[in-house]
Amino acid sequence: MSNSQTESSLPTLAHTLDQFEDCMDLSHREFPNLGVHAVYLNTLISGAKLQNEVFKPLHDLEPDQLTTLFQQSQFEKQTDDKALILGILSGKAAVFAEEQVYLIDVRGAEGRAITNSEIETTITGPHDALTEQVSLSLMLIRARIRSTHLKIVKLSVGEITKNDVYILYIKDIANMDNVQELKQRISDIEIDAVHDTNMLIQLIDDRPYALFPQILTTERPDAVVSKLVAGRVVGIMDGSPSAFSVPSTFYEFFSSSDDYYQRWMLGTATRMLRFFALIVTVSLTALYVSVTTFHYEMIPENLLMTLVESRSRVPFPPLYEALLMEMTIELLREAGARLPTKIGQTIGIVGGIVIGQAAVQAGFTSNILIIAVALSTIASFVIPNYTMSASIRLMRFGFILLAGLWGNLGIAIGITATTIHLCSLISMKASYVTPIAPNQPYEWRDVFIRAPFNLLKKRPTQSRPMNMTRVKPKR
Amino acid sequence: MSTLQSSEKLSPYHIVILVYMTQFGVIIFSLPQLLSKAFGTNGWVMNLIFAIIVIVNMLLIGAAYWMGKGKSIFVILERAMPRIMLYPLYLFLMFVWSVLGCLVAKEYVLIFQMIAFPTTHPMFFKIALDLLVFWLMIQGIYNISKSITMLFYLTIWMLPVVCFFYADFSWSRLTPFFFREGQPSPVEFVNIFASYLGYELILMVFPYTDKKSKLIKSSIIGSLLLAFIYTYLCIITFGFFSLRQLQRMAFPLLDLMAYIKFPFIERVENLFFGAFLFTTVATVVMYLWSAQETALQVFKRANVKLVAGVLVIFAYVIAFIPDTLSDVQHWLGLFAQLEIGIAFILPLLLVVVLAFTKNKKEAAS
Amino acid sequence: MKNAPIRLRRALICMLLLLFMPGCGDQRILEKLGFVQASSYDLGENGQLEVTITMPKADQNAGQRRDVLSLMARTGKEARVKLTRESNLQLVSGQLRNSLFGMSLARKGLLKHLDTFQRDPSISPRVKLSVVRGNAKSMLERNYPNQPIISRYIEGLLQKESMGQNIPVSTLYTFIRDYYDDGIDPVMPVLRNKSDNIIIDGIALFRGDKYIAEIPADDGMVFSFLRGSFKLGELSIHLSEGEPGGDTVMITSIVSKRKVRVSRSAEGAPEITIQVRLKGTVIEYTGGLSLDRPAEKHTLEKQIDKELVKEANEMIAFMQKHKTDAIGIGIAVRNHMSYGAWKQMKWPEMYPTVKVKCNFHFEIMNAGKVVE
């Protein structure tokens, strides 16, 4: 953009109007008796606010009272041209009077209302989700943390779009190094536009080539709060309904707010179920391929004939058969995600039942494979975080290929490679696999199980909090 | 980004697992047979003797560690003598370590070939294994230890499965005799001790530790953990098979695992042997990483990735030569002898050098 | 290049590896395999081996649910190579469950034929071994109308019987283990055809790897008492006539504990006492004793003890006569003495002359729902 080259100077009305040339949504209103001009973008402001905050006071004003009016706090004086333009662009009205310029916030609060969380639903607990409008999102968080220690820092990204990014942390808990690092990384981003938090985190993570997301995103305000009080630093972007928290561990992606709202035993069981789901989703189809291609010895006698019979009419080797079915499931999933909800359901029925049934009857695949594929797909949806779940589904294809190539050895190679990859990852300079390596046995109780609250006395070490101890429950 | 990583020191817990995983290798599959062949009845007791030897050796290494105040062995050596004189030693270490690494990998691959892939060329598998090793070794010891810890958890769950054998285990099969019907020989002794090797590589981790790492203590705990698991597995094997049967089995542990049967899966050795890839990778990566550290002393300016790549390719080429399982085991025996020499002589040399330089310093002051 | 795209490179390598895929001659895809589920070995003419295998058929429409192939060969593996020519499937032995040996072959020794079983890594150590009275081939070839899959039939039969301790477990693992152990000899069940069924006819006793003698199946329980401790067994005893209370007792849920004690006689020869403690529930009793009176219950227990001791003594004498130590007395003797003494003793020669005493102590846990 060219205005980056223009020297910042004292703002003038002519210059501002010049900058906004051909912007049909720019309104310029003059108060000739006062010599005051108001300039604003009518697409961004709220008419009622403008009326109340600017027009009404100016309307009843005598020229000599002008100075007193502008001394009120809602008028902020601007001396910088660039800041002024930016202010107008973010929904403020610029008031030019007596060689001075003032900005007044008249932003319109129109946008989507607060709705239920769609991606991360829980059974119990709060149902509200962050919205695209950052002020609303911040409101949801601020309302939950009634503490002056909750700090909010504003940054902006995108050379053209200039999106606001807010960094939230709790003073005296969050490590300031993390805050500094995050600020640094966000301001180092050089890109035209950032459209979503999930895009933003890819621009600031430590290993851009990695398979797994290294920064957790969530759209639940209660989850944001729990991350904040654990000493993590949270970022929210204007225009995106999700927040991110750093640093994150691999295991965080497997926990859901629900774990904490259930009794601890239930929470523990659910959490273990998710890790079991991880194993199933990665290995079940691969194991099918490996066993039917190489390791027939492993099949118990009772299962043997069932398997052979279901395989006997299938024209492809198990590897291609499995890849075909996995592809079909992925197609169904993608189609379901892109279509409106109602048609999506139809797709589910047509795909899941009709294709599955017909494929088996036509001898296209074996029904045992259908079970394996369906199970591993369902298992992948148990993982609460969508990005992680998608990464793992992608990884599964690698496992199937390896299993088709080298059987169980291939699967072992896949597991080793995944482990090495996971351990090489870092999130905000902290190890991605934290409670395991570096070993923090205390934290296992909040990672692999969900211990009762009076046993969760320490904050996670990964975020290197300033204060390790949570408030001790009196029991 | 990596500055923070490399400045971090290894924690005691990770050293325990690092040492354990480096030592634990595929030889465990034939260990009960080797013990029964060499020492006969109740050969598993020898595990304790080996553990003691390891601890003595470890204390010797400890002496070098404490006297040198945790300085890298290269620093210690180079302070005492000119580097040119040390080059042959470095090259020798490099050679032995990389060859040992490749032999361990090759043995694993050959056993897997025997189980499931009789006609596939084993070197295909070794490509994959070496790629994993290369990928891990270039990441430095801190990440290696992290990965090895994860791999440790991926293997240790197999241990409870051993309970499966309690039904067919019989103490009376162990016999009350000690070390009868065996043919002990120094060569056999070395071959068996090879299954304990790997602990000496902590010589290379000196500079990555500090006081808090409790290097020697943690390493000894790691070795004891290994000795415990070896002993446990050997007792089970000795009580599960009869002595002369055991003496005839090439891989008793494989047969042991083949005996396991679950309602939904049988012959789990196919699966479990795959899981032993994790420990094999750990062993191989530690040997090659040590070779790489040594190589970096010789070629100071070289790129780490390049050195690692050359070493892995060298190990890969060497692995072509011994072709059959018995060849590999024979070679492994030979190199184990060299390695045992290194394990004792190198720390001894360090202690002597340290004592010498200390005296010199005192004389100078 | 600082942060090299490792994943990209890895993906490339994976693609490269996939190029090698056509070279996978080791693929054993399920439907292309013929699973040898049961095999039998008989002594053929001029020292040849007659090998028979059965494998299940996947096709449900075919009339027969299994294939039986048979031919003469020098060894079992040679037979497999030849048999493969007769089948459109690749024969594999990883699913082998049962192996049957003809009586005549068993008499000549089995170790030679078991070599491939031990050597081949695809064969499970859990393969069940049995001896067939007469020709093993004919047992496999026969059609059992109620049992389409013969290997599953035999497997089930052996499994059930060994669970009830009527016959000892005999797998490849136990046979080889006991063969190489110097204080015990291996055993196998003996199978026989009976009209359209297979029945267990007895327990074959081996000396080394050679079939020597046999214990009738009815005595299987007593044999189990002597061979080791176990839980869960069923025993029907016909008490000797002429004594008060005579008739038959049926005992279930037997928990048996065996102890072998070894002592030295004056001349230094070992004397063995086998002590068996039994606990069980009476579910049938046709005699006249009233089992809820402690004294009479005790009388019955004594009668049972006496009967068992008698049977056990006969059995041990029988085994000593045939010089086969199927219950592992040798292990107890060995574990009792020093290594030198054990080697000096030459147990196989000593065994027939050694004095063995049996003690049974039976305890009735309860006598069912009846009170008299």
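In what follows, chains carry the letters A, B, and so on, assigned in the order in which the sequence lines appear, proteins first and then strands, with residues in each chain numbered from 1.
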**Fill in**
residues 122-130 of chain C vs chain B, non-hydrogen distance cutoff under 4.5 Å, contacting residues -> C:S122, C:I123, C:S124, C:P125, C:R126

**Message:** Tell me whether the rings of B:F241 and C:Y173 are parallel (<30°), tilted (30 to 60°) or perpendicular (>60°).
**Reply:** perpendicular

**Asked** Hey, which of C:D181, C:D182, C:I331 is the one that makes side-chain contact (heavy atoms from CB on, under 4.5 Å) with B:S242?
**Response** C:D181

**Message:** Around atom CE of C:M350, are there more than 12 heavy atoms from other residues, nucleotides or ligands closer than 6.0 Å?
**Reply:** yes

Under 3.5 Å, which donor-acceptor pairs link side chains of residues 251-262 of chain B to any protein atom two or more places apart or in another chain?
from   : atom 1 : to     : atom 2 : distance (Å)
B:Y259 : OH     : B:D168 : OD2    : 3.3

Between side-chain atoms of residues 111-118 of chain B and protein atoms elsewhere (two or more places apart, or another chain), which donor-acceptor pairs fall under 3.5 Å?
from   : atom 1 : to     : atom 2 : distance (Å)
B:Q113 : NE2    : B:T120 : O      : 2.9

**Request:** Side chain from CB out, backbone as N, CA, C, O: work out which of these in C:I176 comes under 4.5 Å of a heavy atom of chain B, or both, or neither.
**Result:** both

**Request:** Compare every heavy atom of C:M337 with every heavy atom of B:F177, then report the nearest pair and how far apart it is.
**Result:** CE2-O, 3.1 Å

**Request:** Determine whether more than 12 heavy atoms belonging to other residues, nucleotides or ligands lie under 6.0 Å from atom CZ of C:R277.
**Result:** no

**Message:** Using heavy-atom distances under 4.5 Å, tell me whether B:R248 contacts chain C through its side chain, its backbone, both, or neither.
**Reply:** side chain

**Request:** Go through the atoms of C:T174 and report whether side chain, backbone, both or neither lie under 4.5 Å from a heavy atom of chain B.
**Result:** neither

**Prompt:** Around atom NZ of C:K77, are there more than 12 heavy atoms of other residues, nucleotides or ligands at under 6.0 Å?
**Reply:** yes

**Asked** Shortest non-hydrogen contact from B:T175 to C:N335?
**Response** CA-OD1, 3.6 Å

**Prompt:** What distance separates C:R334 CZ from B:T41 OG1, expressed to the nearest 0.5 Å?
**Reply:** 9.0 Å

**Message:** Testing the basics here: between C:P121 and B:R267, what is the closest heavy-atom pair and its distance to 0.1 Å?
**Reply:** O-NH2, 2.9 Å

**Request:** Would you please say whether a donor-acceptor pair under 3.5 Å links the side chains of C:Y339 and B:E181?
**Result:** yes

**Prompt:** How many angstroms lie between atom CD of B:Q245 and atom OH of C:Y180, to the nearest 0.5 angstrom?
**Reply:** 8.0 Å

**Asked** So, do C:Q118 and B:M249 sit near enough that their side-chain heavy atoms are less than 4.5 Å apart?
**Response** no

**Asked** How long is the gap from OG on B:S172 to NE2 on C:H336, to the nearest 0.5 Å?
**Response** 15.0 Å

**Request:** Please identify each residue that fulfils side-chain contact (heavy atoms from CB on, under 4.5 Å) with C:R227, with sequence neighbours left out.
**Result:** C:P168, C:D178, C:I184, C:V187, C:F223, C:I327

